[in-house]
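Have a look at the structure below, then the notes.
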Amino acid sequence: QVQLVESGGGLVQAMGSLRLSCAASGSIFSIKVMGWFRQAPGKQRELVAIIPSSGSTRYADSVKGRFTISRDNAKNTVYLQMNSLKPEDTAVYYCNAVVVLTTTKTPWVYWGQGTQVTVSS
């Protein structure tokens, strides 16, 4: 019913930058929250940043001051600008959205397929 398609991952050197994008499509009435999580090998998935429809943002302490989350409500798209990347930022990054469906008017949680970000030292 809803698809999240991510793009923008890749390989970058330490202190470099990448920009991730995630576009939501399907039976969308509204999107309450959009965000990014990441999972490194052998570790649990963790919150990176989220942005509710109100626009207030929340970041993991490890990325504050380096990453910026933003969203384009007209395009149902969320972005993650990642600057000053560190090797410890290496992970699969997953887009997440809490979507109110057109059909049921109830919220559901959706995940993207993940995009690999690798930061070399």
Side-chain angles (χ1 to χ4, degrees):
Q1 289 175 319
V2 173
Q3 298 78 40
L4 301 182
V5 178
E6 300 141 336
S7 60
L11 173 64
V12 65
Q13 289 188 332
M15 297 306 295
S17 298
L18 282 175
R19 188 189 193 215
L20 305 182
S21 300
C22 172
S25 63
S27 301
I28 299 170
F29 178 75
S30 65
I31 303 179
K32 289 183 171 294
V33 183
M34 300 191 82
W36 293 93
F37 290 70
R38 67 186 181 187
Q39 187 166 19
K43 295 187 177 182
Q44 290 188 333
R45 190 173 298 189
E46 63 176 2
L47 170 72
V48 177
I50 57 172
I51 181 167
S53 55
S54 63
S56 58
T57 57
R58 174 184 166 191
Y59 295 92
D61 288 342
S62 59
V63 307
K64 283 180 181 176
R66 300 187 298 122
F67 290 10
T68 302
I69 189 170
S70 61
R71 64 188 280 180
D72 184 333
N73 292 326
K75 296 181 178 180
N76 290 329
T77 298
V78 63
Y79 307 95
L80 185 68
Q81 178 66 44
M82 305 185 292
N83 299 329
S84 301
L85 282 160
K86 304 175 181 180
E88 50 264 44
D89 293 318
T90 295
V92 178
Y93 283 69
Y94 295 92
C95 176
N96 170 274
V98 179
V99 179
V100 177
L101 300 180
T102 301
T103 50
T104 62
K105 299 298 191 294
T106 54
W108 293 83
V109 178
Y110 291 92
W111 292 90
Q113 78 284 359
T115 185
Q116 178 69 46
V117 171
T118 302
V119 184
S120 63
S121 56

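This chain uses plain numbering: 1 for the first residue, then up along the sequence.
Applying the disulfide (SG to SG under 2.5 Å) definition to pairs two or more places apart or across chains, none involves residues 25-78. For the ring pair (Phe, Tyr, Trp, His ring centres under 6.0 Å) condition, the pairs that include at least one residue of residues 6-57, sequence neighbours left out, are F37-W111. Annotation: ring pair (Phe, Tyr, Trp, His ring centres under 6.0 Å) contacts involving residues 44-87, sequence neighbours excluded, are absent.
Looking at heavy atoms from C-beta onward, R38 lies in side-chain contact with E46 at the 4.5 angstrom threshold.
With T90 contributing its side chain and V119 its backbone, the two residues share a donor-acceptor pair below 3.5 Å. At distances below 3.5 Å, at least one donor-acceptor pair connects side-chain atoms of E6 with backbone N or O atoms of C95. For the pair Q116 (side chain) and G9 (backbone), a donor-acceptor distance under 3.5 Å is absent.
Summarising the geometry of M34 relative to N76, their closest heavy-atom pair is CE-O, 3.8 Å, with the distance given to 0.1 Å. Of all heavy-atom pairs spanning S121 and A14, the tightest one is CA-CB, 4.3 Å. The two atoms that bring S84 and S17 nearest to each other are N-OG, 4.4 Å, heavy atoms only. Closest non-hydrogen pair, L85 versus L18, comes out as CD1-N, 3.8 Å. For the residue pair K75 and T77, the shortest heavy atom distance occurs at O-OG1, 2.9 Å. Here the closest non-hydrogen pair linking V5 and Q113 is CA-OE1, 4.1 Å.
Linking ILVMFWY side-chain heavy atoms closer than 4.5 Å, directly or via other members, places V12 and L20 in a single hydrophobic cluster. I69 and Y94 sit in two unconnected hydrophobic clusters of ILVMFWY residues. Membership requires side-chain heavy atoms under 4.5 Å apart, directly or through other members.
Surrounding NZ of K43 are at most 12 heavy atoms belonging to other residues, nucleotides or ligands under 6.0 Å away.
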Just do the salt bridge (charged side-chain N to carboxylate O under 4.0 Å, His left out) check on K86 and D89 with the steps written out, would you? CA-CA 5 Å; K86 304 175 181 180; D89 293 318; over 6 Å; no

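Of the residues T102, T106, V100, the one that meets the side chain to side chain contact (heavy atoms under 4.5 Å, CB included) test with T104 is T106.
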